[in-house]
Protein chains: 2
Amino acid sequence: MATSTSTLKRTRRNLPAAERREALIDCAQSLFFSKGYEATTIADIIARAEVSKGGFYHHFSAKEDLLEAVVARMTAAIIEQSRDVLANPGLDALERLNRFLHRTSDWKVDNARRLASVSRALLAQENTLLFQRILAAVTQTIQPLLLGIVKEGVEEGVFDVADPNLAAEVLVSLSHARREVIHDAIVMAEAGDVASGVRRIETRMKAETATIERLLGVASGSLVLVPKGAVRKMLAALAAAR
Amino acid sequence: MATSTSTLKRTRRNLPAAERREALIDCAQSLFFSKGYEATTIADIIARAEVSKGGFYHHFSAKEDLLEAVVARMTAAIIEQSRDVLANPGLDALERLNRFLHRTSDWKVDNARRLASVSRALLAQENTLLFQRILAAVTQTIQPLLLGIVKEGVEEGVFDVADPNLAAEVLVSLSHARREVIHDAIVMAEAGDVASGVRRIETRMKAETATIERLLGVASGSLVLVPKGAVRKMLAALAAAR
DNA sequence: CTATAAACCGACCGACGGTCGGTCTGCAAT
DNA sequence: ATTGCAGACCGACCGTCGGTCGGTTTATAG
């Protein structure tokens with residue numbers, strides 16, 4: 001007679017673990033973004049990924065584990081591309097700092113659209129947890145890097161800083177606080193008002209530049225937080241694609 | 001025959017709503033501190049408070065509501081005592097800033113023991129959420145206050161700052177980052193090593209003072225983040241009480 | 001063809017946040 | 001004193017959700 005296996009899903013496909021994992025992370029990320037981590041159910045995720053409960057728990061030990069995987073994947077790119085900052089031995093600390101900052105903003109220009117949607121999702125009320133995790137992960141990579149640059153700058157006599165640790169801390173926290181401004185500008189650009197968005201960001205950047213120059217004790221004008229025209233380019237891309 | 005009320009709790013006492021609420025918040029806070037918000041169950045709370053499920057939900061609409069109440073009560077004191085900073089009209093901005101900072105550190109000296117236990121609890125891994133909520137609440141009060149002072153200072157010509165908003169932001173984030181250092185020092189003091197703790201905090205404070213002086217464009221030495229001897233007094237109180 | 005490991009299934013479980021119909025208490029008006 | 005009422009309080013019950021487990025299916029190596 002018919003066993004309990006009679007109505008088995010015929011769509012079952014064994015995937016290599018890495019692929020399944022990736023697929024699950026995809027679904028989870030998209031759901032986390034739209035509903036938030038807490039409000040997203042394992043049932044939601046496995047429904048979208050077309051995997052059973054057991055299948056899910058074969059790849060992840062807990063919901064928390066999945067969260068970590070999402071954060072890890074999101075931060076991997078940033079962490080990876082930051083790692084080779086130390087690879088320019090010929091440059092002094094100030095130049096290195098500028099390069100480092102530019103690479104970040106170059107990425108933002110290239111990935112404007114993705115940045116916009118991620119930014120929207122993460123600043124939402126229900127996503128504090130996810131956002132916090134990402135900030136923590138990024139900080140953990142970026143801060144030591146910046147600390148290294150600052151320390152080197154002090155040794156070279158390029159920077160004048162009492163406590164490199166504190167300086168690195170401030171640099172990181174400034175970059176985090178910046179996101180809010182960037183998000184505002186994105187909203188403006190997506191509404192078609194690129195000019196306002198550009199103004200918003202550049203005002204902020206100007207103030208930040210002055211602040212950091214003072215903080216590091218370098219001459220006014222020697223620091224370039226973001227390349228000329230980069231802001232406009234990024235926001236224009238958004239306005240064009242709306 | 002015996003109705004369903006036969007085994008009613010004889011210890012039931014109707015309290016005024018405010019008192020019950022307070023009692024529940026007490027229990028919740030203590031449990032949140034020791035186990036974290038997520039790990040604390042409504043069942044835990046009502047068991048300790050000796051109140052039924054229904055009784056609890058008569059006073060709070062949800063667990064989240066209780067969290068808000070805990071945060072509100074914890075931040076109420078800080079918010080309250082900060083409010084009258086604007087009440088010294090005769091002083092210039094620099095003086096006002098110093099007063100404001102001193103009041104904060106005075107409070108820390110007076111409440112060293114409580115500060116120690118709260119600090120321990122909030123920096124624990126499982127309490128990120130609670131900590132974040134408190135930071136947000138405090139920031140929301142403190143930052144506008146500092147912004148006011150900075151703006152006034154700029155008008156008076158006492159401060160030289162491009163963007164008062166940014167300056168206020170940095171001031172707040174510095175004060176938040178400070179907690180970690182303070183916590184380290186508390187641990188040292190409680191282990192009996194007051195000297196190391198004092199050194200740790202004062203090194204940090206010195207660097208912060210220099211940073212803020214640069215940030216605000218005031219002369220070196222004009223800012224006094226923390227009154228002389230305050231750090232030692234606070235940590236000594238902890239060492240004595242261990 | 002068979003053995004073995006890994007991918008996958010889905011019924012089931014216990015815990016937890018939250019609800020609901022009702023009871024009990026204190027107090028004010030009669 | 002009695003009654004009526006509001007609101008403090010009770011606890012059985014519910015739906016949901018994260019997580020488990022015994023077992024089945026698929027892929028692969030020998």
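This is a predicted model, so every value here is computed, not measured. Letters go in sequence order (proteins before strands), and every chain restarts at 1.
With D:dC10, D:dT25, C:dC9 as the candidates, the nucleotide lying closest to the side chain of B:S52 is D:dC10.
Of the side-chain N and O atoms in A:H59, one or more sit less than 4.0 angstrom from OP1 or OP2 of C:dC8. Considering only side-chain N and O atoms, A:H58 lies under 4.0 angstrom from the phosphate OP1 or OP2 of C:dA7.
Distance B:L15 CG to C:dC24 C1': 14 Å, rounded to the nearest Å. Rounded to an integer number of Å, the gap from CG of A:N14 to P of C:dA7 is 8 Å. Rounded to whole Å, atom P of D:dT16 lies 13 Å from atom NZ of A:K35.
Shown here is B:Q81, whose CD atom has more than 12 heavy atoms of other residues, nucleotides or ligands within 6.0 Å.
With salt bridges taken as basic N to acidic carboxylate O contacts below 4.0 Å, none links B:R73 and B:E68. Ionic pairing of B:R120 and B:E190 is present here: one or more N-O contacts between side-chain nitrogen and carboxylate oxygen are shorter than 4.0 angstrom.
The shortest distance between side-chain heavy atoms of A:K35 and A:D44 falls below 4.5 Å.
For residues 19-31 of chain B, proximity to DNA chain D is found at B:R20, defined as any non-hydrogen atom under 4.0 angstrom from a strand atom.
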At a cut-off of 3.5 Å, list every protein nitrogen or oxygen paired with a nitrogen or oxygen from nucleotides 15-18 of chain C, distance to 0.1 Å.
unit_1 : atom_1 : unit_2 : atom_2 : d
C:dG17 : OP1    : B:K63  : NZ     : 3.1
C:dG17 : OP2    : B:I42  : N      : 3.0
C:dG18 : OP2    : B:Y57  : OH     : 3.0
C:dG18 : OP2    : B:K63  : N      : 2.8
C:dG18 : N7     : B:K53  : NZ     : 3.0
C:dG18 : O6     : B:K53  : NZ     : 2.4

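In this structure a side-chain-to-backbone donor-acceptor pair under 3.5 Å is missing from B:R20 to B:H59.
For the pair A:K63 and A:Y37, the distance from NZ or CZ to the six-membered ring centre is under 6.0 Å and the angle to the ring normal is within 45 degrees.
Taking both residues in full, the closest heavy atoms of A:H183 and A:S119 are given as CD2-OG, 3.1 Å, listed atom of the first, atom of the second, then distance.
The salt bridge (Lys or Arg N to Asp or Glu O under 4.0 Å) check on B:E64 picks up B:R133, with sequence neighbours excluded.
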